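Computed from a predicted model, the values in this text were never measured in an experiment.
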Amino acid sequence: MSPRGARARRANGKKYATWLAAGVVVLGGTAVTAVAASAGGEGAGPGDGTRSAKAHALALDGKDPKRRALPRTGTPTFSLVGVSWEDSGDTFEGTAQIRTREAATGEWSEWHDLDFDIRAPESTEGEEPEVRGASEPLWVGPSDGVEARVVADGEETAVPEALRLDMIDPGETVKGKGKGKGNGKDNGGTQGGGKGDAEPPTSGAPTGPAPGAVPAQEPTGPAATTIPTAPTAPAVVSRAGWGADESLVQDPPSYLNEVDAVFVHHTAGTNDYTCADSPAVIRAILTYHVRTNSWNDVGYNFFVDKCGTVFEGRAGGVDRPVLGAHTYGFNSYSSGVSLLGDYENGGTPTAAARQAIADLAAWKLGLHGVDPEAEVALTAAADTGVWKKGQVATLNTISGHRDGYATLCPGATLYSALPGIRTTAGASPYAIGN
(Lines give C-alpha, C1' and ligand atoms only; values in the text may rest on other atoms or scores of the structure.)
Protein backbone atom coordinates (compact mmCIF):
# COMPACT_ATOMS: atom_id res chain seq x y z
CA MET A 1 0.00 0.00 0.00
CA SER A 2 1.29 3.46 -0.89
CA PRO A 3 2.13 6.04 1.82
CA ARG A 4 -0.87 8.01 0.62
CA GLY A 5 -3.02 4.93 0.99
CA ALA A 6 -1.73 4.47 4.54
CA ARG A 7 -2.57 8.09 5.35
CA ALA A 8 -6.01 7.56 3.89
CA ARG A 9 -6.56 4.46 6.04
CA ARG A 10 -5.63 6.42 9.19
CA ALA A 11 -7.78 9.38 8.17
CA ASN A 12 -10.74 7.19 7.31
CA GLY A 13 -10.34 5.44 10.63
CA LYS A 14 -10.67 8.76 12.41
CA LYS A 15 -13.74 9.69 10.37
CA TYR A 16 -15.27 6.25 10.99
CA ALA A 17 -14.74 6.75 14.72
CA THR A 18 -16.55 10.07 14.46
CA TRP A 19 -19.48 8.35 12.77
CA LEU A 20 -19.50 5.71 15.52
CA ALA A 21 -19.84 8.48 18.07
CA ALA A 22 -22.81 9.79 16.09
CA GLY A 23 -24.59 6.45 16.37
CA VAL A 24 -23.63 3.89 13.73
CA VAL A 25 -25.82 0.81 13.63
CA VAL A 26 -24.37 -2.46 12.35
CA LEU A 27 -27.16 -4.71 11.14
CA GLY A 28 -26.59 -8.29 12.10
CA GLY A 29 -25.96 -10.75 9.30
CA THR A 30 -25.80 -8.21 6.48
CA ALA A 31 -22.55 -6.36 7.23
CA VAL A 32 -24.36 -3.11 6.40
CA THR A 33 -23.14 -0.12 8.34
CA ALA A 34 -25.80 2.57 8.66
CA VAL A 35 -24.57 6.11 9.18
CA ALA A 36 -26.90 9.00 9.94
CA ALA A 37 -25.94 11.63 7.42
CA SER A 38 -26.98 14.45 9.72
CA ALA A 39 -25.73 15.29 13.16
CA GLY A 40 -29.38 15.78 13.95
CA GLY A 41 -30.06 12.05 13.75
CA GLU A 42 -33.30 10.60 12.42
CA GLY A 43 -35.14 13.90 12.10
CA ALA A 44 -34.39 17.59 12.17
CA GLY A 45 -36.83 18.20 15.00
CA PRO A 46 -39.83 16.69 16.75
CA GLY A 47 -43.01 16.89 14.74
CA ASP A 48 -41.54 18.87 11.84
CA GLY A 49 -42.28 16.18 9.24
CA THR A 50 -38.66 15.80 8.17
CA ARG A 51 -36.40 12.78 8.05
CA SER A 52 -32.67 13.19 7.56
CA ALA A 53 -30.79 11.49 4.77
CA LYS A 54 -28.83 8.38 5.68
CA ALA A 55 -25.81 6.65 4.21
CA HIS A 56 -25.43 2.85 4.37
CA ALA A 57 -22.12 1.18 3.55
CA LEU A 58 -21.79 -2.47 2.52
CA ALA A 59 -18.26 -3.89 2.32
CA LEU A 60 -17.38 -5.84 -0.85
CA ASP A 61 -14.99 -8.41 0.57
CA GLY A 62 -13.53 -11.43 -1.23
CA LYS A 63 -10.45 -13.56 -1.85
CA ASP A 64 -10.12 -12.95 -5.60
CA PRO A 65 -7.95 -9.81 -5.97
CA LYS A 66 -9.53 -8.93 -9.32
CA ARG A 67 -13.18 -9.62 -8.60
CA ARG A 68 -15.85 -8.87 -6.06
CA ALA A 69 -19.37 -10.25 -6.14
CA LEU A 70 -22.31 -9.69 -3.84
CA PRO A 71 -25.29 -12.03 -4.03
CA ARG A 72 -28.78 -10.62 -3.72
CA THR A 73 -28.89 -9.03 -0.29
CA GLY A 74 -31.64 -7.27 1.62
CA THR A 75 -30.77 -3.77 2.83
CA PRO A 76 -32.29 -0.77 4.54
CA THR A 77 -34.25 1.36 2.10
CA PHE A 78 -32.12 3.48 -0.24
CA SER A 79 -32.63 5.36 -3.50
CA LEU A 80 -29.11 6.07 -4.76
CA VAL A 81 -26.10 3.75 -4.90
CA GLY A 82 -22.45 3.82 -5.90
CA VAL A 83 -19.13 2.04 -5.37
CA SER A 84 -16.25 3.61 -3.47
CA TRP A 85 -12.79 2.68 -2.23
CA GLU A 86 -10.20 3.85 0.26
CA ASP A 87 -7.89 6.17 -1.67
CA SER A 88 -8.91 8.53 -4.48
CA GLY A 89 -5.31 8.34 -5.70
CA ASP A 90 -5.90 4.71 -6.72
CA THR A 91 -7.57 4.94 -10.12
CA PHE A 92 -9.91 2.04 -10.74
CA GLU A 93 -9.96 0.55 -14.23
CA GLY A 94 -12.71 -1.96 -14.55
CA THR A 95 -16.43 -2.48 -14.50
CA ALA A 96 -19.00 -2.41 -11.75
CA GLN A 97 -22.60 -3.44 -12.20
CA ILE A 98 -25.48 -3.44 -9.76
CA ARG A 99 -29.10 -4.47 -9.74
CA THR A 100 -31.61 -3.43 -7.14
CA ARG A 101 -34.92 -4.61 -5.70
CA GLU A 102 -37.78 -2.13 -5.88
CA ALA A 103 -39.14 -1.61 -2.38
CA ALA A 104 -42.77 -1.24 -3.49
CA THR A 105 -43.02 -4.31 -5.74
CA GLY A 106 -40.14 -6.60 -4.79
CA GLU A 107 -39.07 -6.78 -8.45
CA TRP A 108 -35.39 -6.85 -9.37
CA SER A 109 -34.05 -4.45 -11.97
CA GLU A 110 -31.78 -5.23 -14.88
CA TRP A 111 -28.03 -4.85 -14.42
CA HIS A 112 -26.84 -1.23 -14.46
CA ASP A 113 -23.28 -0.08 -15.14
CA LEU A 114 -21.69 2.40 -12.76
CA ASP A 115 -19.59 5.18 -14.31
CA PHE A 116 -16.11 5.97 -13.03
CA ASP A 117 -15.80 9.48 -14.43
CA ILE A 118 -15.68 11.19 -11.05
CA ARG A 119 -12.40 12.59 -9.77
CA ALA A 120 -11.47 14.48 -6.63
CA PRO A 121 -10.87 18.18 -7.34
CA GLU A 122 -7.41 19.70 -7.56
CA SER A 123 -8.27 22.07 -4.71
CA THR A 124 -7.10 21.60 -1.12
CA GLU A 125 -10.25 19.60 -0.59
CA GLY A 126 -9.13 17.08 -3.18
CA GLU A 127 -5.65 16.84 -1.74
CA GLU A 128 -6.87 15.71 1.68
CA PRO A 129 -5.90 12.05 2.20
CA GLU A 130 -9.33 11.02 3.46
CA VAL A 131 -10.97 11.72 0.08
CA ARG A 132 -12.26 8.40 -1.25
CA GLY A 133 -12.31 7.20 -4.81
CA ALA A 134 -15.81 6.59 -6.09
CA SER A 135 -18.06 5.91 -9.04
CA GLU A 136 -20.74 8.30 -10.15
CA PRO A 137 -23.84 7.62 -8.04
CA LEU A 138 -26.85 5.94 -9.62
CA TRP A 139 -30.41 6.97 -8.77
CA VAL A 140 -32.60 3.85 -8.60
CA GLY A 141 -35.60 5.01 -6.58
CA PRO A 142 -36.75 3.44 -3.29
CA SER A 143 -35.08 0.01 -3.07
CA ASP A 144 -34.47 -2.54 -0.33
CA GLY A 145 -32.10 -5.04 -1.91
CA VAL A 146 -28.95 -5.04 -4.01
CA GLU A 147 -26.72 -7.37 -6.03
CA ALA A 148 -23.30 -6.34 -7.33
CA ARG A 149 -20.31 -7.51 -9.36
CA VAL A 150 -17.02 -5.66 -9.77
CA VAL A 151 -14.11 -6.68 -12.02
CA ALA A 152 -10.69 -5.05 -12.44
CA ASP A 153 -9.96 -5.44 -16.16
CA GLY A 154 -7.56 -2.63 -17.08
CA GLU A 155 -3.90 -2.14 -16.24
CA GLU A 156 -4.82 -2.52 -12.59
CA THR A 157 -4.29 -6.05 -11.33
CA ALA A 158 -6.62 -5.81 -8.35
CA VAL A 159 -9.71 -4.02 -7.17
CA PRO A 160 -8.96 -1.06 -4.87
CA GLU A 161 -8.67 -1.50 -1.13
CA ALA A 162 -11.67 -1.12 1.14
CA LEU A 163 -14.10 -1.48 -1.76
CA ARG A 164 -17.71 -0.99 -0.71
CA LEU A 165 -21.22 -0.19 -1.88
CA ASP A 166 -22.57 3.15 -0.70
CA MET A 167 -26.37 3.36 -0.50
CA ILE A 168 -28.12 6.66 0.18
CA ASP A 169 -31.62 7.20 1.56
CA PRO A 170 -32.41 10.86 0.72
CA GLY A 171 -34.83 11.24 3.61
CA GLU A 172 -37.88 13.47 3.47
CA THR A 173 -38.60 17.16 3.85
CA VAL A 174 -41.66 18.95 5.16
CA LYS A 175 -44.60 18.06 2.92
CA GLY A 176 -44.69 20.44 -0.01
CA LYS A 177 -41.30 21.98 0.74
CA GLY A 178 -38.81 21.76 -2.06
CA LYS A 179 -41.11 19.68 -4.22
CA GLY A 180 -42.24 20.86 -7.61
CA LYS A 181 -45.42 19.79 -9.36
CA GLY A 182 -43.53 17.80 -11.97
CA ASN A 183 -43.82 20.49 -14.64
CA GLY A 184 -40.92 22.73 -13.76
CA LYS A 185 -43.28 25.37 -12.33
CA ASP A 186 -44.41 26.62 -8.95
CA ASN A 187 -41.45 25.29 -7.00
CA GLY A 188 -41.25 26.69 -3.50
CA GLY A 189 -38.06 28.24 -2.23
CA THR A 190 -36.97 29.85 -5.48
CA GLN A 191 -34.71 32.84 -5.48
CA GLY A 192 -33.16 35.27 -7.88
CA GLY A 193 -29.39 35.42 -7.87
CA GLY A 194 -29.15 39.01 -9.07
CA LYS A 195 -30.77 42.21 -7.81
CA GLY A 196 -34.39 41.82 -6.81
CA ASP A 197 -36.70 38.93 -7.52
CA ALA A 198 -36.37 36.70 -10.56
CA GLU A 199 -37.91 37.94 -13.79
CA PRO A 200 -40.21 35.62 -15.75
CA PRO A 201 -37.90 33.45 -17.88
CA THR A 202 -38.35 32.71 -21.54
CA SER A 203 -40.55 29.88 -22.81
CA GLY A 204 -39.42 26.46 -21.59
CA ALA A 205 -37.50 27.75 -18.56
CA PRO A 206 -38.85 27.63 -15.00
CA THR A 207 -41.28 30.40 -14.10
CA GLY A 208 -40.57 32.57 -11.10
CA PRO A 209 -40.60 33.84 -8.59
CA ALA A 210 -42.77 31.18 -6.98
CA PRO A 211 -44.56 31.66 -3.67
CA GLY A 212 -41.97 32.02 -0.92
CA ALA A 213 -39.39 33.57 -3.22
CA VAL A 214 -36.30 34.81 -1.40
CA PRO A 215 -34.98 38.25 -2.35
CA ALA A 216 -31.46 38.14 -3.74
CA GLN A 217 -28.61 39.07 -1.43
CA GLU A 218 -26.02 41.58 -2.50
CA PRO A 219 -22.58 39.95 -2.58
CA THR A 220 -20.01 41.28 -0.14
CA GLY A 221 -16.29 40.88 0.38
CA PRO A 222 -13.37 40.56 -2.02
CA ALA A 223 -14.99 37.74 -4.01
CA ALA A 224 -17.98 39.90 -4.97
CA THR A 225 -17.35 40.53 -8.66
CA THR A 226 -20.94 41.11 -9.76
CA ILE A 227 -21.23 43.72 -12.50
CA PRO A 228 -23.87 46.28 -11.43
CA THR A 229 -25.57 46.28 -14.84
CA ALA A 230 -25.95 42.50 -14.99
CA PRO A 231 -29.50 41.28 -15.62
CA THR A 232 -31.66 39.67 -12.98
CA ALA A 233 -31.14 35.94 -12.48
CA PRO A 234 -33.43 33.17 -13.67
CA ALA A 235 -35.52 31.52 -10.96
CA VAL A 236 -33.41 29.19 -8.82
CA VAL A 237 -34.70 26.75 -6.18
CA SER A 238 -32.63 27.47 -3.09
CA ARG A 239 -30.87 24.84 -0.98
CA ALA A 240 -33.58 25.30 1.64
CA GLY A 241 -36.14 24.75 -1.11
CA TRP A 242 -34.83 21.29 -1.99
CA GLY A 243 -34.11 20.36 1.62
CA ALA A 244 -30.31 20.49 1.86
CA ASP A 245 -29.02 19.19 5.20
CA GLU A 246 -26.66 22.03 6.07
CA SER A 247 -25.23 20.11 9.03
CA LEU A 248 -23.32 18.01 6.50
CA VAL A 249 -21.26 21.02 5.40
CA GLN A 250 -18.44 21.63 7.87
CA ASP A 251 -16.32 24.30 6.19
CA PRO A 252 -17.28 27.65 4.63
CA PRO A 253 -17.23 27.96 0.82
CA SER A 254 -14.19 29.10 -1.12
CA TYR A 255 -14.44 31.67 -3.90
CA LEU A 256 -12.85 32.24 -7.28
CA ASN A 257 -11.69 35.59 -8.60
CA GLU A 258 -14.19 35.26 -11.43
CA VAL A 259 -16.09 32.73 -13.52
CA ASP A 260 -14.53 32.38 -16.97
CA ALA A 261 -16.50 29.34 -18.15
CA VAL A 262 -19.47 27.10 -17.38
CA PHE A 263 -19.01 23.34 -17.65
CA VAL A 264 -22.10 21.26 -18.42
CA HIS A 265 -22.48 17.80 -16.85
CA HIS A 266 -25.05 15.07 -16.46
CA THR A 267 -25.64 13.10 -13.29
CA ALA A 268 -25.86 9.81 -15.27
CA GLY A 269 -28.08 7.16 -13.69
CA THR A 270 -31.65 7.24 -14.94
CA ASN A 271 -34.05 9.47 -16.87
CA ASP A 272 -37.09 7.81 -15.31
CA TYR A 273 -37.26 10.12 -12.31
CA THR A 274 -40.27 12.41 -11.99
CA CYS A 275 -39.66 16.12 -11.55
CA ALA A 276 -41.31 15.86 -8.13
CA ASP A 277 -38.39 13.52 -7.29
CA SER A 278 -35.74 16.08 -8.24
CA PRO A 279 -35.22 17.49 -4.71
CA ALA A 280 -34.73 13.96 -3.34
CA VAL A 281 -32.24 13.12 -6.11
CA ILE A 282 -30.22 16.22 -5.26
CA ARG A 283 -30.35 15.53 -1.51
CA ALA A 284 -29.01 12.04 -2.21
CA ILE A 285 -26.18 13.40 -4.38
CA LEU A 286 -25.24 15.88 -1.65
CA THR A 287 -25.08 13.06 0.88
CA TYR A 288 -23.05 10.88 -1.50
CA HIS A 289 -20.54 13.64 -2.24
CA VAL A 290 -20.04 14.30 1.47
CA ARG A 291 -20.38 10.85 3.05
CA THR A 292 -18.90 8.79 0.23
CA ASN A 293 -16.43 11.12 -1.50
CA SER A 294 -15.58 12.97 1.72
CA TRP A 295 -16.06 16.32 0.02
CA ASN A 296 -17.19 19.31 2.03
CA ASP A 297 -20.37 19.88 -0.01
CA VAL A 298 -22.08 18.81 -3.21
CA GLY A 299 -19.71 19.23 -6.15
CA TYR A 300 -21.89 21.02 -8.72
CA ASN A 301 -22.76 24.70 -8.45
CA PHE A 302 -26.19 24.14 -10.01
CA PHE A 303 -28.57 21.38 -11.05
CA VAL A 304 -31.22 21.43 -13.76
CA ASP A 305 -33.95 18.81 -14.16
CA LYS A 306 -35.74 17.69 -17.31
CA CYS A 307 -38.64 20.05 -16.56
CA GLY A 308 -36.26 23.01 -16.75
CA THR A 309 -36.17 23.79 -13.03
CA VAL A 310 -32.85 25.20 -11.80
CA PHE A 311 -31.57 24.27 -8.33
CA GLU A 312 -28.82 25.84 -6.26
CA GLY A 313 -25.95 23.39 -5.75
CA ARG A 314 -22.87 24.11 -3.65
CA ALA A 315 -23.51 26.69 -0.93
CA GLY A 316 -22.03 30.16 -0.99
CA GLY A 317 -24.42 32.30 -3.03
CA VAL A 318 -25.80 31.68 -6.51
CA ASP A 319 -24.56 35.10 -7.65
CA ARG A 320 -21.05 34.64 -6.26
CA PRO A 321 -18.08 32.77 -7.84
CA VAL A 322 -18.20 29.70 -5.58
CA LEU A 323 -15.42 27.13 -6.05
CA GLY A 324 -17.04 23.82 -6.96
CA ALA A 325 -15.77 20.24 -7.42
CA HIS A 326 -16.97 19.22 -10.86
CA THR A 327 -14.31 19.57 -13.61
CA TYR A 328 -10.90 18.31 -12.51
CA GLY A 329 -8.20 20.70 -13.67
CA PHE A 330 -10.54 23.63 -14.30
CA ASN A 331 -12.55 24.04 -11.09
CA SER A 332 -10.67 27.22 -10.21
CA TYR A 333 -11.99 29.07 -13.29
CA SER A 334 -15.51 27.81 -13.71
CA SER A 335 -19.01 27.06 -12.53
CA GLY A 336 -20.57 23.63 -13.04
CA VAL A 337 -24.19 22.83 -13.91
CA SER A 338 -25.40 19.23 -14.01
CA LEU A 339 -28.54 18.01 -15.79
CA LEU A 340 -30.32 15.23 -13.90
CA GLY A 341 -30.36 12.11 -16.06
CA ASP A 342 -28.27 10.01 -18.43
CA TYR A 343 -27.54 11.49 -21.86
CA GLU A 344 -25.00 8.92 -23.05
CA ASN A 345 -27.28 5.89 -23.28
CA GLY A 346 -30.30 7.08 -25.21
CA GLY A 347 -31.58 10.01 -23.18
CA THR A 348 -32.26 13.30 -24.97
CA PRO A 349 -32.26 16.64 -23.15
CA THR A 350 -35.66 18.32 -23.25
CA ALA A 351 -36.23 21.76 -24.74
CA ALA A 352 -37.02 23.06 -21.25
CA ALA A 353 -33.72 21.72 -19.90
CA ARG A 354 -31.70 23.16 -22.79
CA GLN A 355 -33.35 26.56 -22.35
CA ALA A 356 -32.73 26.52 -18.60
CA ILE A 357 -29.05 25.65 -19.03
CA ALA A 358 -28.66 28.41 -21.63
CA ASP A 359 -30.35 31.04 -19.46
CA LEU A 360 -28.41 30.02 -16.36
CA ALA A 361 -25.06 30.00 -18.17
CA ALA A 362 -25.79 33.33 -19.87
CA TRP A 363 -26.59 34.95 -16.54
CA LYS A 364 -23.70 33.38 -14.61
CA LEU A 365 -21.13 34.35 -17.26
CA GLY A 366 -22.72 37.77 -17.65
CA LEU A 367 -21.99 38.53 -14.00
CA HIS A 368 -18.33 38.53 -15.02
CA GLY A 369 -18.66 40.18 -18.42
CA VAL A 370 -18.14 36.91 -20.31
CA ASP A 371 -19.77 36.24 -23.70
CA PRO A 372 -21.55 32.85 -23.63
CA GLU A 373 -20.72 32.31 -27.33
CA ALA A 374 -17.01 33.09 -27.01
CA GLU A 375 -13.87 31.04 -26.39
CA VAL A 376 -11.50 31.34 -23.46
CA ALA A 377 -7.91 30.22 -22.80
CA LEU A 378 -7.52 28.44 -19.45
CA THR A 379 -4.43 26.81 -17.95
CA ALA A 380 -5.00 23.25 -16.76
CA ALA A 381 -4.30 22.95 -13.04
CA ALA A 382 -3.76 19.18 -13.26
CA ASP A 383 -3.32 16.32 -15.73
CA THR A 384 -6.85 15.54 -16.87
CA GLY A 385 -6.39 12.94 -19.60
CA VAL A 386 -7.22 15.65 -22.14
CA TRP A 387 -4.81 18.37 -21.01
CA LYS A 388 -1.48 18.25 -19.22
CA LYS A 389 -0.90 20.32 -16.11
CA GLY A 390 0.19 23.80 -17.18
CA GLN A 391 -1.07 23.40 -20.75
CA VAL A 392 -3.22 26.26 -22.04
CA ALA A 393 -6.59 24.94 -23.19
CA THR A 394 -8.76 26.90 -25.61
CA LEU A 395 -12.34 26.13 -24.63
CA ASN A 396 -15.82 27.44 -25.27
CA THR A 397 -17.12 29.56 -22.42
CA ILE A 398 -19.95 27.00 -22.29
CA SER A 399 -18.19 23.64 -22.51
CA GLY A 400 -18.93 20.02 -21.76
CA HIS A 401 -17.17 18.15 -18.97
CA ARG A 402 -15.40 16.03 -21.61
CA ASP A 403 -13.76 19.14 -23.06
CA GLY A 404 -11.71 19.47 -19.89
CA TYR A 405 -11.48 15.93 -18.53
CA ALA A 406 -11.29 12.44 -20.05
CA THR A 407 -14.90 11.36 -19.56
CA LEU A 408 -18.08 10.67 -21.52
CA CYS A 409 -19.91 13.30 -19.45
CA PRO A 410 -22.22 15.09 -20.22
CA GLY A 411 -23.23 12.29 -22.57
CA ALA A 412 -23.39 12.22 -26.36
CA THR A 413 -26.80 13.80 -26.83
CA LEU A 414 -26.32 16.62 -24.33
CA TYR A 415 -22.84 17.32 -25.68
CA SER A 416 -24.20 17.52 -29.23
CA ALA A 417 -26.79 20.02 -27.98
CA LEU A 418 -24.15 22.42 -26.63
CA PRO A 419 -23.71 24.46 -29.85
CA GLY A 420 -27.43 25.22 -29.81
CA ILE A 421 -27.31 25.98 -26.09
CA ARG A 422 -24.51 28.50 -26.72
CA THR A 423 -26.57 30.21 -29.41
CA THR A 424 -29.61 30.29 -27.16
CA ALA A 425 -27.49 31.67 -24.32
CA GLY A 426 -26.23 34.46 -26.55
CA ALA A 427 -29.82 35.52 -27.28
CA SER A 428 -31.07 34.96 -23.72
CA PRO A 429 -32.65 37.89 -21.89
CA TYR A 430 -30.42 36.90 -18.97
CA ALA A 431 -27.24 37.54 -20.98
CA ILE A 432 -25.40 40.77 -20.28
CA GLY A 433 -26.34 43.51 -22.72
CA ASN A 434 -29.65 41.89 -23.78
Find out whether the Lys NZ or Arg CZ of R119 is both under 6.0 angstrom from the six-membered ring centre of Y405 and within 45° of the ring's axis.
no

Assess, by modelled atom type and distance only, whether the side chains of S428 and D359 contain a donor and an acceptor separated by less than 3.5 Å.
yes

Which distance, rounded to the nearest 0.5 Å, do you find between the OG1 of T267 and the OH of Y288?
12.5 Å

Test item: K306 side-chain N/O and N271 main-chain N/O as donor-acceptor pair under 3.5 Å:
yes

Got a second to check how far D383's CG is from Q391's CD, nearest 0.5 Å?
9.5 Å

Taking 4.0 angstrom as the limit, do D169 and K54 come out as a salt bridge?
no

What I want to check is whether the side chains of S84 and R132 have a donor and an acceptor closer together than 3.5 Å.
yes

Main chain of A152, side chain of R67: is a donor-acceptor contact present, judged purely on distance under 3.5 Å?
no

Please report the closest heavy-atom contact between T348 and Y343, naming both atoms and the distance.
C-CE2, 3.6 Å

Using a strict cut-off of less than 4.0 Å between a Lys/Arg side-chain nitrogen and an Asp/Glu carboxylate oxygen, indicate whether R402 and E344 qualify as a salt bridge.
yes

Treating S334 as the side-chain partner and F330 as the backbone partner, does any N or O pair qualify as donor plus acceptor under 3.5 Å?
yes

Quick one: does any side-chain atom of S135 pair with a main-chain N or O of V83 as donor and acceptor, under 3.5 Å?
yes

Verify, without hydrogens or angle tests, whether T397 (side chain) and P372 (backbone) share a donor-acceptor contact under 3.5 angstrom.
yes

Interatomic spacing from CZ in F311 to CG in L340 - rounded to 0.5 Å:
7.0 Å

Relative to each other, are the rings of F92 and F116 parallel, tilted or perpendicular (30° and 60° limits)?
perpendicular

Between the side chains of N396 and S399, does any donor sit under 3.5 Å from an acceptor?
no

Where the side chain of R99 meets the backbone of E147, is there a donor-acceptor pair that is under 3.5 Å apart?
no

For A148 and L165, work out which heavy atoms get closest and say how close.
CB-CD1, 4.0 Å

N296 side chain vs Q250 backbone, donor-acceptor pair below 3.5 Å:
yes

Sort and list the pairs that fulfil side chain to side chain donor-acceptor pair (under 3.5 Å) and have at least one residue in residues 410-419, not counting sequence neighbours.
D403-Y415

Is the terminal nitrogen or CZ of R149 (NZ for Lys, CZ for Arg) located under 6.0 angstrom from the six-membered ring centre of W111 and within 45° of that ring's axis?
yes

To the nearest 0.5 Å, what is the distance between OG on S338 and CD1 on I357?
8.5 Å

State whether the side chain of W85 and the backbone N or O of D87 hold a donor-acceptor pair below 3.5 Å, judged by distance alone.
yes

Gap separating the CD atom of Q355 from the OG1 atom of T424, nearest 0.5 angstrom:
6.0 Å

Classify the angle between the aromatic ring planes of H326 and H265 as parallel (below 30°), tilted (30 to 60°) or perpendicular (above 60°).
perpendicular

Check for a donor-acceptor pair, side chain of E312 on one end and backbone N or O of R239 on the other, with a separation under 3.5 Å.
yes

Does any N or O in the side chain of N301 come within less than 3.5 Å of the main-chain N or O of G313, such that one atom is a donor and the other an acceptor?
no

